[in-house]
K.L.:
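Let me begin by handing over the structure; questions about it come next.
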Amino acid sequence: MEIRNLYHPFELQFLEVSEYEAKERRNTFFEMVFVLEGKGIQIINDHRLPYASDKLFLIFPQDTHSFEVAEKTKFFFIRFHDSYLKTQNSDWIQKLEFIFHNHNHLPGCILKTVTDKPLLRAMVQALILEENSSFPQQQEVIKQILNTIITIAARNISLIAPVAFAPSNAEPGLDLLNYVHQNIYKPEALKATKMAIEFHVSPTYISEYFKTKTGQSIQQYTIAYKIKLIETRLKFTNMQINEIVYEFGFSDASHLNRLFKKYTGVNPSDYKKQFKN
């Protein structure tokens, strides 16, 4: 199996093909695939998914994927790595976290809003034009468009998550998992008593429902999710330990170290070194 690496912060590729080598590939980077024209099958981790115009797929690192082209197809690939994330501000990184940690990682097109399809198509076409231009500030414009595409993707994924997690008899708006993800940086908002007030139910019901859907208590799930985000910080940013302590509301660095080591087996500093190595 071919393993592909990325040696630039991000990479854009327009590809027009009548045939595509049906060869499984595994990336070490994140990849978005937008279909401008054509039909066929995309294979992700042995799932066969029909693709057509205006479909957007997310491919995670270590996913295996390939294509079977049935009609002449125009693909647009957006690939990015940790070095690109390091150039962005914290708000933008949190948008990425919403995609890569809130997303249920099920295969399929992530665009659920009809009006976003022509908007995203316009963004992709703008990227193609800008990449082939020689105008001043070209790279800055490309990055702005790319970040807009990320935001559109995050918006659509936010619509997928409640459907994936909500029980069939749930009260309207009772999306506890989505609430946890959105308030992960606000420890006070994640207490069962606070959530019960927010959703107008009893703390007992909140706790029971949450454990039924996740197999974990609210506290267990919150800690596990927070650890995943901290791993992202250590992998994809140059943030210092004290900055992470402040962002996630830990009392001090020792508190962060103990919790992180309990769940990963190593302290944050060693984890960062292992990943870089």
Side-chain angles (χ1 to χ4, degrees), residues 3-10 26-31 58-63 79-105 150 154 157 161 165 176-195 207 210-211 213-277:
I3 298 177
R4 296 191 301 176
N5 297 305
L6 187 64
Y7 301 104
H8 300 282
F10 69 89
R26 188 169 65 213
N27 300 334
T28 60
F29 49 84
F30 299 113
E31 186 171 47
L58 288 181
I59 300 173
F60 289 64
Q62 305 307 315
D63 279 352
R79 306 178 181 109
F80 49 94
H81 215 328
D82 58 346
S83 57
Y84 180 64
L85 303 185
K86 292 175 183 176
T87 68
Q88 307 307 308
N89 61 43
S90 60
D91 289 341
W92 196 84
I93 290 174
Q94 288 181 17
K95 291 184 176 69
L96 284 181
E97 289 173 347
F98 194 82
I99 289 177
F100 299 120
H101 296 292
N102 195 29
H103 189 246
N104 55 27
H105 206 170
I150 294 289
I157 288 174
F165 294 119
L176 299 181
L177 289 176
N178 198 37
Y179 177 88
V180 169
H181 298 158
Q182 292 175 345
N183 291 280
I184 195 66
Y185 307 101
K186 306 171 185 175
E188 288 297 319
L190 296 178
K191 293 182 177 179
T193 50
K194 173 66 175 177
M195 294 173 68
S207 301
F210 203 96
K211 192 163 187 176
K213 302 310 293 182
T214 68
Q216 298 175 297
S217 68
I218 294 174
Q219 183 182 29
Q220 290 170 331
Y221 183 91
T222 299
I223 292 173
Y225 183 65
K226 188 177 292 188
I227 292 296
K228 286 294 183 183
L229 297 185
I230 293 171
E231 288 176 353
T232 300
R233 293 288 188 275
L234 297 172
K235 290 178 181 180
F236 299 143
T237 78
N238 289 323
M239 290 181 68
Q240 300 299 312
I241 299 300
N242 286 338
E243 293 177 295
I244 297 175
V245 167
Y246 176 78
E247 182 179 24
F248 287 94
F250 290 99
S251 57
D252 51 37
S254 296
H255 183 197
L256 169 60
N257 287 337
R258 287 195 304 271
L259 188 66
F260 192 86
K261 188 171 184 177
K262 178 180 178 180
Y263 279 79
T264 66
V266 295
N267 63 44
S269 298
D270 289 340
Y271 182 89
K272 190 178 186 72
K273 290 177 183 177
Q274 288 177 9
F275 181 79
K276 296 304 179 185
N277 292 335

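Only heavy atoms go into these numbers, but all of them, side chains included; no hydrogens, no water, no symmetry mates. Position 1 is the first residue of the sequence, and the numbers go up from there.
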K.L.:
For a quick test of reading the model, state the closest non-hydrogen atom pair linking Pro268 to Leu256 and the distance between them.
P.N.:
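It is CG-CG, 4.1 Å.
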K.L.:
Heavy atoms, side chains only, cut-off 4.5 Å: are Leu234 and Ile241 in contact?
P.N.:
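Yes, close enough: below the 4.5 Å cut-off.
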K.L.:
Could you state the interatomic distance from NZ (Lys226) to CD1 (Ile244), rounded to the nearest 0.5 Å?
P.N.:
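Spacing of NZ (Lys226) from CD1 (Ile244) equals 12.5 Å.
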K.L.:
Only counting residues at least two apart or in another chain, list the ones meeting side-chain contact (heavy atoms from CB on, under 4.5 Å) with Ser254.
P.N.:
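Partners of Ser254 under the side-chain contact (heavy atoms from CB on, under 4.5 Å) test: Asp252, Arg258.
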K.L.:
What distance separates Gln274 CD from Thr264 OG1, expressed to the nearest 0.5 Å?
P.N.:
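Answer rounded to 0.5 Å: 8.5 Å.
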K.L.:
In the structure I gave you, are the side-chain heavy atoms of Met195 and Val180 within less than 4.5 Å of one another anywhere?
P.N.:
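Met195 reaches Val180 side chain to side chain.
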K.L.:
Counting C-beta onward and ignoring hydrogens, is there a side-chain heavy-atom pair between Leu190 and Lys194 closer than 4.5 Å?
P.N.:
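When only atoms from C-beta onward are counted, Lys194 and Leu190 do not touch, as no gap falls below 4.5 Å.
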K.L.:
With Tyr246, which residues qualify under side-chain contact (heavy atoms from CB on, under 4.5 Å), at least two apart?
P.N.:
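If we apply the side-chain contact (heavy atoms from CB on, under 4.5 Å) test to Tyr246, skipping adjacent residues, there are no hits.
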K.L.:
What residues form a side-chain contact (heavy atoms from CB on, under 4.5 Å) with Gln240, not counting sequence neighbours?
P.N.:
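Glu243.
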K.L.:
Would you give the length of the straight line joining atom NZ of Lys228 to atom OH of Tyr263, rounded to the nearest 0.5 angstrom?
P.N.:
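The NZ atom of Lys228 sits 12.5 Å away from the OH atom of Tyr263.
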K.L.:
Can you list the residues that meet the side-chain contact (heavy atoms from CB on, under 4.5 Å) rule with Thr193, with sequence neighbours excluded?
P.N.:
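Scan of Thr193 (side-chain contact (heavy atoms from CB on, under 4.5 Å), adjacent residues dropped) gives Lys191.
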K.L.:
Could you list the residues that satisfy side chain to side chain donor-acceptor pair (under 3.5 Å) with Asn242, not counting sequence neighbours?
P.N.:
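Residues passing side chain to side chain donor-acceptor pair (under 3.5 Å) with Asn242: none at all.
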K.L.:
What is the distance from atom OH of Tyr221 to atom CD1 of Ile184, rounded to the nearest 0.5 Å?
P.N.:
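One finds 8.5 Å between OH of Tyr221 and CD1 of Ile184.
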K.L.:
Please work out which of the three classes, parallel, tilted or perpendicular, describes the rings of Phe248 and Phe250, given edges at 30° and 60°.
P.N.:
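Correct class here is tilted.
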K.L.:
How far apart are the closest heavy atoms of Glu247 and Met239, and which atoms are they?
P.N.:
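Answer, listing the atom of Glu247 first, then Met239: OE1-CE, 3.3 Å.
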K.L.:
With rounding to the nearest 0.5 angstrom, report the OG to NZ distance, Ser207 to Lys211.
P.N.:
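These two atoms lie 9.5 Å from each other.
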K.L.:
With the side chain counted from C-beta on, respond yes when Ile230 and Leu259 share a heavy-atom pair under 4.5 Å apart, and no when they do not.
P.N.:
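No; the side chains remain at least 4.5 Å from each other.
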K.L.:
Go through the steps to decide whether Ile227 and Phe260 satisfy the test side chain to side chain contact (heavy atoms under 4.5 Å, CB included), and finish with yes or no.
P.N.:
CA-CA 7 Å; Ile227 292 296; Phe260 192 86; 4.0 Å; yes
K.L.:
Flag yes if more than 12 heavy atoms outside Gln219 fall under 6.0 Å of its CD atom; otherwise flag no.
P.N.:
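Atom CD in Gln219 is not crowded, with 12 or fewer foreign heavy atoms closer than 6.0 Å.
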K.L.:
If the condition is side chain to side chain donor-acceptor pair (under 3.5 Å), which residues does Lys186 pass it with, not counting sequence neighbours?
P.N.:
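Once residues adjacent in sequence are excluded, Lys186 has no partner under the side chain to side chain donor-acceptor pair (under 3.5 Å) criterion.
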